[in-house]
Amino acid sequence: MDYTFNAIEAKWRQIWQERNTYKVSEDSSKPKFYVLDMFPYPSGAGLHVGHPLGYIASDIFARYKRLKGFNVLHPMGYDSFGLPAEQYAIQTGQHPAITTKENIARYRQQLDLMGFSFDWDREVRTSDPSYYKWTQWIFKQLFDAYYDLTLDKATPIASLIRTFEQEGNSNTNAVHDCEQRFDAAAWAAFSPEAKEAVLQQYRMAYLAESWVNWCPALGTVLANDEIVNGVSERGGHPVEQKRMMQWSMRIKAYAERLLEGLDRIDWTDALKEQQRNWIGKSKGSSVQFAVKDADLQIEVFTTRPDTIFGVSFMVLAPEHPFVEQICTPAQAQEVQAYQQQAALKTERDRQADVKNITGAFTGAYALHPFTGQEIPIWIGDYVLASYGTGAVMAVPCGDQRDYDFAKHFNLPIPNIFADQDISEAAYAEKDAVIANSDFLDGLDAKSAMEKAIAAIEAKGIGQGKTNYRLRDAVFSRQRYWGEPFPVFYQDGLPHLVDDALLPVTLPDVDAYLPTQDGEPPLARAAKEAWSCQLGERMEYNTMPGWAGSSWYFLRYMDPHNQEAFAGPDKLAYWNQVDLYIGGSEHATGHLLYARFWTKALHDLGFIHFDEPFAKLINQGMILGKSAIAYIGPDQKMYSLDMLPENKEGFREVRILIDLLNDDESIQLDALKAWQPQYAAQEFVCNADGKVLVKREVDKMSKRWYNVVTPDDLCEKYGADTLRMYEMFLGPLEQSKPWDTKGITGVHGFLKKYWRLFHINGHFEVEDSQPSPAALKTLHKTIKKLTDDLERFSFNTGVSSFMICVNELTEQKCNNRHILEQLTILMAPYAPHICEEIWAQLQPASPTIFNSEYPIFDPSYLTESSFDYPVSFNGKMRFKATLELALSIDEVKEVILAKPETQKWLEGKDPKKVIVVHGKIVNIVL
RNA sequence: GCGGAUGUGGUGAAAUUGGUAGACACGCCAGACUUAGGAUCUGGUGCCGAGAGGUGUGCGGGUUCGAGUCCCUCCAUCCGCACCA
């Protein structure tokens, strides 16, 4: 009987579905284990071979844990709000919900082919009203909360309001942006507008002005991603920095806890480091510089208050609110021109471009707080409005960017470091003794810092302070395809929609574009299109992509609950995600926001854990291999080996990789049929009459024509082969180019495994006592496999199976016990074939996945001797088989007596002989 | 620019704690079988060399009896950088 993988796989997929093999429910008799994948955005291109990589790994692990006796939660869903469906809607008019539904159907079909053990009853879709009802509900909790620093947690805002009513805000200890101080009487006298304006400065979800990339021509805000070379990717229109009223999330309140929590979770150091850097904690001091001849104080934050006597100028961000006020008439034109120029650059461009130093002098001066010296105030785009206070005190001798700016504009560079040469570059190390600094002279950086902060505080112009690079997260989008806010406006004030009216469903609109006057698309909706219509108007913004993905792992625990985002009993049973697998590109987005929401929900008493993902693994990206063809100045397509030395006038075109033969030559007729511009293409073929292409590694993407889908491979080799092959490619965490060449090796392995059970085409196993050799092979494999799985080394796991099957084949092993155990071991990797074999071995058992995982017995592996590698000066020269019972001294003696040893000693006396028992002998000459 | 990662045969890679570099595969070479198959099986395959042997984990240095692994300098490639998901 042949290994008819297509029939076997289709059969078992159906049986699993009929028998609900992967349905899971709470079961207190078993330990639980929660294995989660980052859910995909269902794009129009379908799944490519890169998507399943992490899913295969998590599926293997989930099945392994199940065999180990755990009650495993392993769900899947879709992050189904997002820009691509909206762009498609803009182009075609098709409602994003339809596009999304179609894409999900395609994804599901492809996921099913791979034989994953997902419990599909628990599927969630972020764009489903029954799901985003609870996203809206969570937003409401955050709107109704503030961060209490005394309790060190998010707290209902009602208690803050009570405090305001009783005593005002002088003694409140909360995270806020409120400059205003008021007592109880003043609070009572505030208008509702004034009260709300104050509360907005405390709420976890609040309205405030933020900097955005505004594209006037498109009437919309753009992501940095959508801006190429300073203009919009779509249409090529200019983009400018603009301040707009936006919803934000007060994630900064959690900066310290987000840092501290990293110590309690099992993530890679690299990922933790990325989050730490993103949060960017730094200690230093705020300092106010008075502006000369103006009643203004410029506040800066510095990590180096010890260098305050090195300040020779100040730089404000071009957008700093003071610029207009302080700019002298003589400089106004230059400053305005510079502001306009800076507004056209994105933040990233501004940070990345250090070669072009630009800036403008405002004509104004600040006064040094200690020397009273006049300090010129400049503006420069290396200072960002959205970071810190949007202003820096420039210490050119101690900071390279300040140094470069000073050199470029010929500003003074006073040296405040004893014995440091700053003629070529700034000295940024903190180990120099401070000089030329009045009361800081002679101090090291640390003492100088303390003394400077004390002096700053004594003067009342600032204070020692911890600063975070982390910014509050902008939470509104001027888009259509996202969650509507549960918010309406009355008298210009935002109000929450009552729980009973949730969800506020997405209204239909006539077009998915902003309105003429730049209002978001939802402003187009007719009143009756809204599921509820309150106040003067509903909120027209929608939530960002990260809203729905910040809590979906909770919904899987109780996906059909109508009364709560998840029931307390379910939340208590499933608890944290034990293993989370997904791409590292989410390191500072999703993974930070999800931690933030989890902590907030924890603080408000809805869940009892405050870190969502106990362990996290980043799978690498599978890259595509693009096919590049060359078209010459004569418009002919040249074979790679027919290109002239001088390729001037040649251009590269990417062609669909499906049009290639195995030898990397183009199927010319297929190319002509592929795209009209190639219909009459002429070619310069090589001696074999072929047109060869160059292969180049790129991100796998539709636009590079290098996408490989799992579908064809499943058809050709089967899902089990594809699953094992993707694991065999290399370490899970590593990025690697996709290459189908090696897949035959894995496919051949499965056939070889199949043959272990089939003699002359018939299924046959024998029931005698297994041989010691077979037991040794089996138990070696059990040990290796278990170790590999526990450290998520799936690639070496596959090779261990290969070694095992090779050995058993060589031993002609056909023993039931051995093969049964091997089949259970392999079932997580290749579920279909193993289930099929299992059905033959144990016809009464409904599924192999209720079996018990084999237990390793070391007694089968005990060895009495060891092949000692004998090396001289660290180079291995020969091997000697010795009894392991020999002591180190005995080994030394036997080895030194060997004739081979004498040969390599060349008559010399060894200086030293090192014996590591059971490992190595090294003789030093 | 800032932050993170990665560099080992022709290719994907292995080497888990500092202890035999290249397991397991792909490819290639030679052969067997044959109803000629994208089937199966056997042997070989880092590089140089006829061989003895030499050499070899991005470059250069260091620590060590011993370094792919630890430390330092440099180079190259990839990912993220706040409204893509």
Side-chain angles (χ1 to χ4, degrees), chain A residues 38 40-41 43 79 81-84 87 210 212-213 220-227 246 268-271 273-278 280 347-348 350-355 382 386 400-401 469-479 544-546 549 583-590 592 618 620-621 623 662 697 699 716 725 728-731 733-737 739-746 748-749 751-752 755 787-788 790-791 793 795-796 798-803 806 867-879 910-914 916 919-925:
Chain A
M38 287 185 188
Y41 173 81
S43 86
D79 188 12
F81 273 133
L83 211 43
Q87 298 290 9
S210 311
V212 295
N213 300 313
T220 185
V221 176
L222 297 175
N224 283 336
D225 240 45
E226 300 172 275
I227 303 168
Q246 301 281 329
T268 60
D269 290 337
L271 193 65
E273 198 55 24
Q274 283 185 64
Q275 290 214 341
R276 284 195 192 102
N277 283 315
W278 188 257
E347 264 189 20
R348 202 188 305 177
R350 282 164 58 164
Q351 285 171 78
D353 187 5
V354 290
K355 291 197 185 81
Y382 76 102
S386 50
Q400 193 57 44
R401 286 171 310 174
R469 201 182 71 101
L470 181 71
R471 302 178 205 159
D472 278 350
V474 178
F475 194 70
S476 44
R477 302 287 183 267
Q478 292 70 49
R479 311 278 192 197
W546 58 269
S549 59
S584 65
E585 65 273 21
H586 299 285
T588 51
H590 161 63
L592 207 56
N618 290 128
M621 199 186 313
L623 303 165
D662 286 350
V697 174
K699 214 166 180 168
K716 201 164 168 187
Y725 181 57
F728 189 59
L729 272 180
E733 300 91 331
Q734 198 169 300
S735 290
K736 49 234 156 189
D739 196 326
T740 318
K741 275 187 192 144
I743 201 167
T744 53
V746 174
F749 154 74
K751 285 199 258 187
K752 200 164 174 178
R755 279 201 300 275
D787 288 354
D788 284 349
E790 293 294 341
R791 65 192 176 100
S793 178
N795 55 327
T796 53
V798 176
S799 71
S800 302
F801 286 125
M802 290 174 170
I803 292 166
N806 287 346
D867 248 5
Y868 275 95
V870 181
S871 46
F872 291 76
N873 287 341
K875 279 200 192 311
M876 207 278 283
R877 296 305 187 183
F878 66 90
K879 284 187 189 171
K911 281 195 191 128
K912 205 170 176 183
V913 179
I914 288 154
V916 182
K919 277 258 165 77
I920 198 170
V921 178
N922 190 21
I923 297 170
V924 186
L925 296 177

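Scope of the values below: all heavy atoms of this structure, side chains included, with no hydrogens, waters or symmetry mates. Convention: sequence-line order gives letters A, B, ...; per-chain numbering from 1.
- A:Arg479 comes within 4.0 angstrom of a base, heavy atoms only.
- Taking side-chain N and O atoms only, A:Arg276 has no distance below 4.0 Å to OP1 or OP2 of B:C2.
- Comparing B:C84, B:A14, B:C24 against the side chain of A:Thr796 picks out B:A14 as the nearest.
- Among the atoms of the strands shown, base atoms are found under 4.0 Å from some heavy atom of A:Trp278.
- To the nearest whole angstrom, the two C1' atoms, one in B:G19 and one in B:C24, are 22 Å apart.
- Comparing the same atom, C1', in B:U63 and in B:C71 gives a spacing of 7 Å after rounding to whole Å.
- Nucleotide B:C59: unpaired (no Watson-Crick or G-U wobble partner with both distances less than 3.5 Å).
- Under the Watson-Crick and G-U wobble criteria, each requiring two contacts below 3.5 Å, nucleotide B:G1 is paired to B:C81.
- Checking B:G4, B:G19, B:U40 against every side-chain atom of A:Lys751, the shortest atom distance belongs to B:U40.
- When both pairing distances are held under 3.5 Å, B:C41 makes a Watson-Crick or G-U pair with B:G31.
- Among the protein residues, A:Glu733 comes within range of no part of the nucleic acid, since none of its heavy atoms lies under 4.0 Å from any strand.
- Put simply, the side chain of A:Lys741 and the base of B:U11 share no donor and acceptor less than 3.5 Å apart.
- Base pairing analysis places B:G53 opposite B:C48; the two distances defining the Watson-Crick or G-U wobble pair are each below 3.5 Å.
- Out of B:A85, B:U55, B:G3, the shortest distance to the side chain of A:Leu83 is found at B:A85.
- Atom name C1', nucleotides B:A23 and B:U57: the rounded distance is 15 Å, in whole Å.
- Between A:Trp546 and A:Phe475, the ring planes lie perpendicular to each other; the angle is over 60°, past the 30° to 60° tilted range.
- Taking every side-chain heavy atom of A:Arg755 into account, B:U40 is the closest of B:A85, B:C24, B:U40.
- Using a 4.0 Å heavy-atom criterion, one finds that A:Pro731 contacts the sugar-phosphate atoms exclusively.
- A:Ser584 places no side-chain N or O within 3.5 Å of a backbone atom of A:Ala587 that could act as its donor or acceptor partner.
- When distances run from any side-chain atom of A:Thr744 to the nucleotides B:G3, B:G19, B:C26, the shortest one goes to B:C26.
- When heavy atoms are screened at a 4.0 angstrom cut-off, A:Ala270 is found touching the sugar-phosphate backbone but no base atom.
- Counting only heavy atoms from C-beta on, A:Met621 has its side chain closest to B:C79 among B:C79, B:U55, B:A85.
- A:Ser735 contributes a side-chain N or O that, together with a main-chain N or O of A:Met621, makes up a donor-acceptor pair within less than 3.5 Å.
- A:Val924 and A:Asn873 make their closest contact through CA-OD1, 3.5 Å (heavy atoms, listed as atom of the first residue, atom of the second, distance).
- Counting non-hydrogen atoms under 4.0 angstrom, A:Ser476 reaches a base of the nucleic acid.
- The side chain of A:Ile920 sits closest to B:G19 out of B:G19, B:C84, B:G4.
- A:Lys879 comes within 4.0 angstrom of a nucleotide base, judged by non-hydrogen atoms across all strands.
- Taking only side-chain atoms of A:Asn922, from C-beta outward, the nucleotide of B:A25, B:A5, B:G19 with the closest atom is B:G19.
- Nearer the 5' end of RNA chain B, as judged by each residue's closest nucleotide, is the contact made by A:Asn277, out of A:Asn277 and A:Gly82.
- Two residues are said to be in side-chain contact when any heavy atoms from C-beta on lie closer than 4.5 Å; A:Arg791 and A:Thr796 meet this criterion.
- Using the Watson-Crick or G-U wobble rule with both distances under 3.5 Å, B:A14 pairs with nothing in any strand shown.
- The nucleotide B:U73 finds no pairing partner, because no Watson-Crick or G-U wobble arrangement with both distances shorter than 3.5 Å includes it.
- At the heavy-atom level, A:Val924 lies under 4.0 Å from the strands shown only through sugar-phosphate atoms.
- Within 4.0 Å of A:Glu790, counting heavy atoms only, lies no atom of the nucleic acid at all.
- If you check every strand for non-hydrogen atoms under 4.0 Å, A:Val212 touches a base.
- Distance noted for atom P between B:U73 and B:A5: 15 Å (whole Å).
- Distances were taken from every side-chain heavy atom of A:Phe728 (C-beta onward) to each of B:G3, B:C24, B:G80; the shortest belongs to B:C24.
- Between the side chains of A:Gln478 and A:Thr220, no donor-acceptor pair is found at a separation under 3.5 Å.
- B:A15 sits 10 Å from B:U8 when the C1' atoms are compared, rounded to a whole Å.
- Spacing between B:A67 and B:G61 at atom P, rounded to whole Å, works out to 14 Å.
- Residue A:Ile923 is classed as having no contact, given no heavy-atom separation below 4.0 Å to the nucleic acid.
- Ranking B:G54, B:A82, B:G19 by closeness to the A:Val916 side chain, first place goes to B:G19.
- Among the protein residues, A:Arg469 comes within range of the nucleic acid bases, having at least one heavy atom under 4.0 Å from a base atom.
- Base-pair partner of B:U64: not found among the strands shown (Watson-Crick or G-U wobble, both distances under 3.5 Å).
- Regarding contacts with the backbone of B:A13, a side-chain N or O of A:Gln734 is found under 4.0 angstrom from either OP1 or OP2.
- When only modelled atom types and interatomic distance are considered, A:Lys912 and A:Asn922 share no side-chain donor-acceptor pair under 3.5 Å.
- At the heavy-atom level, A:Asn795 lies under 4.0 Å from the strands shown only through sugar-phosphate atoms.
- A gap of 13 Å separates the C1' atoms of B:U45 and B:C26, to the nearest Å.
- Glycosidic conformation of B:G9: syn, with the torsion inside 90° of 0.
- Comparing the C1' positions of B:C33 and B:A39 gives a spacing of 11 Å, expressed to the nearest Å.
- The residue A:Asn224 sits close only to the backbone: its heavy atoms come under 4.0 Å of sugar-phosphate atoms, none of a base.
- In this structure the side chain of A:Asn277 never reaches within 4.5 angstrom of the side chain of A:Arg469, judged on heavy atoms.
- Open room surrounds CZ on A:Arg401; 12 or fewer heavy atoms of other groups in view lie less than 6.0 Å from it.
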